[in-house]
Amino acid sequence: MLDPKHLKPYPITPADLYWEKKDIPKSVTFDDIFYSRQSPLEEVDYVFIQPNRLPDKFSKPAHQNVTIGEFGFGTGLNFLATWALWRKQRKHDGTLHFISFEKHPIPLPDLKKIFEERNLHDDLAQQLVDQYPILEWGSHTLEFTKDNVRLTLIFADVAEGLQLLKPQYPGVIDSWFLDGFAPAKNNSMWTDQVFELLAQHSHANTTLSTFTAAGFVRRGLQRVGFDMKKQAGFGGKREMLYGAMHAPTIPSTAAPWLCLSRSPFIEKARPKKVAIIGGGLAGCATAYQISHSGNHQITLIDAKEVASGASGNPLGMLSPPISGDPSNYQQLYTKGFKASRNFILSDIPELIYKRGCTEIALTSKTQERLERFISAPFNSFDCATDETSLTIHDAFSIYPQSLCHWWLKNANSVRVLENHPITDLKKLADDWLVITPSWQEAFDIIIFCNSYNAADHFSWLKRCTAPVRGQLSVTNQPLTKNINFGHYALPYNGGSLVGASFSRENLSLEVSEQEYWDYMTAYQRVLSATEGSAIEPSTLDEALQHRVSFRCSTLDRMPIVGPVPDIDYFATQYQALHKGYPRSKYYNAQYQDGLYLNIGYGSRGLSLAVLCASYLAELITGKGVSLESHLVNAMHPARFVLAQ
Ligand SMILES: Cc1cc2nc3c(=O)[nH]c(=O)nc-3n(C[C@H](O)[C@H](O)[C@H](O)COP(=O)(O)OP(=O)(O)OC[C@H]3O[C@@H](n4cnc5c(N)ncnc54)[C@H](O)[C@@H]3O)c2cc1C
Ligand SMILES: C[S@@+](CC[C@H](N)C(=O)[O-])C[C@H]1O[C@@H](n2cnc3c(N)ncnc32)[C@H](O)[C@@H]1O
């Protein structure tokens, strides 16, 4: 069995197509067609939509969210037909989540050509084209918000892809479309390992259908718990298979201690009251994402004002991490960088201050790191290099404060309470009482986005999080481009913003002259090395502005995002974990009902806010998690409870 820890990104090999007739694309590798030569849409309806009873599932109010899994996205025909049916049929405000695995994605120009040849000019095809991701390994989520449809494309072999989405809580798929090429031409897709993984993602009523009637496919699916039946195939094909899970026989291989609980939004029927504590990048992004995931009553509460903590800096840099090694850190922060960049470019480009960021290598070690990054297979950034520097054109500086305010303004009705420091929480029968000195109110769900102050409420966090002081200064020294040299300098209001210090010892809010000179002298050294000119730095008093605030760092530099573990349960249930008993000996993890964390953004909050907030919204609202499981686990709050 593959272990997701060993899954690493690699370059994707796109589909190699040729055109059998004018309008029939065929795969060279598999020597097979993507869809029926006669009537493709009728085939989708006959082979996938009807046997999975989708018209019924889509229109029943009981089915708020429907999740479909597909093997082989190909041309997206099955997806588009399913979406069109959902649009016509849906009678509630649930979400359709379509998760499709594709090893050889079709390049966008070919996809456009296919749509043109098929005369597919409707708005659904156009929306898919507009959001089609670049062909990179891993999962990509596309949101079609008007119809409450989300498409998660997992570009990887299906066996890897199913591992990447290993069920943190088992059984999220309601219907399967098994649409790989014919087993005789593509046996790697139809293995016992794949059937077992498929079963782990299924629940007691999951349905399934496939165009093939191969005996070993039928037996493989029966072995993992599906009742399988045959019916006449489409368009002259003799037979095809369809069926439903009667009882899952394959236990989940997900670690029980990292299993996530089912969403509280699914279990309680009435609209939910959600409190978000903290109005920085984490809190505002979370309020925005959750408010767009259903009809919830959201209150964001800050001890001071919105964006008055670390997120209140005048300007910040959104740039990817530079490393040649595809560690979890590199994967998460790169993914996060792209999520933020795409969001800002499409929704609020006006907040961008200056594009591009030049990484300067003053030592041979940094130079080596830049070189490893440039040649890393996962590096798909728009970069330019010279002997001592690397410029990433995709990066930019931005106003973090304005971003926070934009999220709140564009959220679906979020109530904001400023100057309300949360001092205590009290568990009531069904919900939680949130308490400040002047006010209290009960909520179903509480999300802690209050950085290192979350440790005031959960003492175990004190051992794995810490405030780290950062100071920066605005000077009148002009600068033409964003530069990063360990510290950074950004053009700002005709001068430059320079910073930041990094201190675990000094926890005062006073401006430090020592820290100022540290980053200013480094800045002057870089200017002399790169531009051949540097003026004497202005003294502390001559600088136009200083600002001190605190990051929340974590022991492993990964954020802490997910449900709050019930630490008494963890202490008793998992105390013998180090003895290596089999996983089946343990019960699934338990959490403090309705409590979540979204903290620990360290020095890269701009890269984490969109990704972490989207993940949390998926988790809490029960949409189905689309983030790769090894990254979910790498951010899981329980990792620190288990380590203690
Ligand atoms: C000097 C400096 C420079 C930085 N530069 C960059 C950069 O260029 N690029 C980048 O990506 N990142 C940068 N960062 C990091 C980034 O600013 C942070 O990661 C990010 O702002 C963290 O956001 P947050 O919402 O978690 O925390 P914060 O913005 O600190 O927000 C936490 C909020 O919680 C509130 N709060 C706390 N306790 C309570 C309570 N009990 N009740 C109610 N409310 C409470 C606080 O008032 C605060 O508003 C920098 C950080 C510093 C310090
Ligand atoms: C018949 S086509 C799917 C057609 C598609 N559902 C559509 O609507 O156009 C089969 C697809 O499976 C993909 N595929 C084949 N083997 C795979 C594997 N091992 N893992 C993931 N995808 C695979 C192929 O690249 C191809 O795109």
Side-chain angles (χ1 to χ4, degrees), residues 15 25 27 29-30 32-35 40 44 48 70-81 100-106 114 154-161 177 179-182 185-186 188-191 194 211 277-286 300-313 315-319 337 340 397-398 400 404 417-423 434 436 448-454 456-457 467-472 484 488 490 497 499-502 547-552 559 598-609 612:
S27 156
T29 316
F30 296 99
D32 205 349
I33 47 171
F34 282 83
Y35 45 78
V44 177
F48 297 111
E70 179 189 45
F71 288 10
F73 185 72
T75 67
L77 179 67
N78 291 347
F79 167 65
L80 291 172
S100 189
F101 303 92
E102 178 54 66
K103 187 173 183 180
H104 301 294
I106 295 180
I114 291 169
I154 300 175
F155 290 158
D157 185 275
V158 67
E160 286 174 346
F177 296 1
D179 195 16
F181 289 124
K185 297 180 173 178
N186 183 23
S188 73
M189 192 177 221
W190 308 92
T191 63
V194 168
F211 62 90
I277 302 180
L281 287 166
C284 297
T286 304
L300 181 135
I301 306 152
D302 199 286
K304 295 180 185 153
E305 278 155 20
V306 166
S308 56
S311 311
N313 288 330
L315 205 60
M317 192 64 219
L318 176 65
S319 59
F337 163 75
S340 296
S397 59
I398 179 167
C404 290
L417 298 178
E418 296 187 316
N419 302 309
H420 276 60
I422 307 295
T423 48
V434 173
T436 75
F448 291 86
C449 299
N450 55 340
S451 188
Y452 57 92
N453 290 116
D456 299 342
H457 304 281
V468 175
R469 183 188 137 97
Q471 173 180 302
L472 37 77
N484 198 346
Y488 60 62
L490 316 175
L497 178 138
S501 61
F502 195 92
R547 188 168 194 276
V548 174
S549 56
F550 296 91
R551 313 162 179 94
C552 174
N598 183 6
I599 60 166
Y601 286 9
S603 298
R604 288 187 179 271
L606 285 167
S607 291
L608 289 177
C612 294

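All values reported here derive from a predicted model rather than from experimental measurement. Read the numbers this way: they start at 1 and go in the same order the structure lists the ligands and their atoms.
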From the candidates Ser603, Ser319, Gly316, the one that places a heavy atom nearest atom 12 (N) of ligand 1: Ser603

Heavy atom to atom 21 (O) of ligand 1, shortest distance: which of Gly605, Ser311, Ala307 holds it? Ser311

Going by heavy atoms, is Ile599 under 4.0 Å from ligand 1? no

Out of Phe181, Phe48, Phe101, Phe71, the nearest non-hydrogen contact to atom 2 (S) of ligand 2 is supplied by Phe181

Taking the non-hydrogen atoms of Gly76, is any one of them nearer than 4.0 angstrom to ligand 2? yes

Polar proximity ligand 2 side, Gly72 side, N/O cut 3.5 Å exclusive: yes

Against heavy atoms of Glu70, which atoms of ligand 2 measure under 4.0 Å? 6 (N)

Below 4.0 angstrom from a heavy atom of Pro421, which ligand 1 atoms are there? Numbered from 1 as shown, please. 42 (N)

Considering only heavy atoms, does Ile422 approach ligand 1 within less than 4.0 Å through its side chain, its backbone, both, or neither? both

Considering the heavy atoms of Gly280, write down every atom of ligand 1 situated less than 4.0 Å from one of them. 25 (O), 29 (O), 31 (O)

Residue Gly470 vicinity, atoms of ligand 1 by number, heavy atom under 4.0 Å: 1 (C)

Examine the proximity of ligand 1 to Val468 and report which part, side chain or backbone, both or neither, has a heavy atom under 4.0 Å away. neither

Under 4.0 Å to a heavy atom of Tyr488 - the qualifying atoms of ligand 1, by number: 3 (C), 4 (C), 5 (N), 6 (C), 7 (C), 8 (O)

Within ligand 1, which atoms have a heavy atom of Tyr601 less than 4.0 Å away? 19 (O)

Ligand-residue contact atoms, ligand 2 with Ala156, heavy atoms, under 4.0 Å: 21 (C)

At under 4.0 Å between heavy atoms, is it the side chain or the backbone of His420 that contacts ligand 1, or both, or neither? backbone

Given Asp179, Asn78, Val44, Thr191, which has its nearest heavy atom closest to atom 8 (O) of ligand 2? Asn78

Can you confirm whether the side chains of Asp32 and Asn186 place a donor and an acceptor under 3.5 Å from each other? no

Distance under 4.0 Å to a non-hydrogen atom of Gly278: what atoms of ligand 1 satisfy this? 33 (C), 34 (O), 35 (C)

Has ligand 2 got any nitrogen or oxygen that is less than 3.5 angstrom from a nitrogen or oxygen of Val158? yes

Among all protein non-hydrogen atoms, which one is nearest to atom 8 (O) of ligand 1, and what is the separation to 0.1 Å? Met317 N, 2.8 Å

Phe101 vs Phe71 aromatic rings, parallel, tilted or perpendicular, using cut-offs 30° and 60°? perpendicular

Would you mind listing which atoms of ligand 2 come within a distance below 4.0 Å of any non-hydrogen atom of Ser188? 19 (N)

Determine the interplanar angle of the Phe211 and Trp190 rings, folded into 0 to 90°, and report it as parallel if under 30°, tilted if 30 to 60°, perpendicular if over 60°. perpendicular

Ligand-side contact atoms (ligand 2) for residue partner Leu77, heavy atom cut-off under 4.0 Å: 7 (C), 8 (O), 9 (O)

Ranking Trp190, Phe73, Tyr35 by closest non-hydrogen atom to atom 5 (C) of ligand 2, top hit is Phe73

Spell out, as yes or no, whether a donor-acceptor pair under 3.5 Å connects the side chain of Ser311 to the backbone of Pro400. no

Check step by step if side-chain hydrogen bond (donor to acceptor under 3.5 Å, both in side chains) holds for Asn78 and Glu70. CA-CA 9 Å; Asn78 291 347; Glu70 179 189 45; 2.7 Å; yes

I want to check something: taking the side chain as every heavy atom from C-beta on, are Phe34 and Ser27 in contact at a cut-off of under 4.5 Å? yes

With a 4.0 Å cut-off on heavy atoms, is Gly161 touching ligand 2? no

Leu281 contact mode with ligand 1 (heavy-atom cut-off under 4.0 Å): both

